[in-house]
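These notes are about the structure you will find just below.
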Amino acid sequence: MATEPTNMVLHSAIRFDFNPGSAATGHPAARMTVNSAGCRIACAAPMHIGRFTDFIFPALLP
């Protein structure tokens, strides 16, 4: 495992990204990544944590 800060990969269960320079049709300026780069959700406005869990859990749990 690399110990140099430039070589480290940090993992997080939920990550929010905001990059207004990359915004385009079909590519939002803000997005949320859940557990992996393959699970990205476009963000348009703040969401209450209760509504978030009601949205996420049925989609991820059997």
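Residues take their numbers from the sequence shown, with the count starting at 1.
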Below 3.5 Å, can you tabulate the donor-acceptor pairs from side chains in residues 18-26 to any protein atom, sequence neighbours excluded?
| unit_1 | atom_1 | unit_2 | atom_2 | d |
| --- | --- | --- | --- | --- |
| Asn19 | OD1 | Gly21 | N | 3.2 |
| Ser22 | OG | Asn19 | O | 3.0 |

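- One distance of note links OG1 of Thr33 with CG of Asp17; it measures 5.0 Å at 0.5 Å rounding.
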Check residues 44-56 and write down every donor-acceptor pair under 3.5 Å in which the side-chain atom is one partner and the other belongs to a residue at least two apart or another chain.
| unit_1 | atom_1 | unit_2 | atom_2 | d |
| --- | --- | --- | --- | --- |
| His48 | ND1 | Gly50 | N | 2.9 |
| Thr53 | OG1 | Ile49 | O | 3.3 |
| Thr53 | OG1 | Gly50 | O | 2.9 |

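- The line from SG of Cys43 to CZ of Arg31 is 9.5 Å long, rounded to the nearest 0.5 Å.
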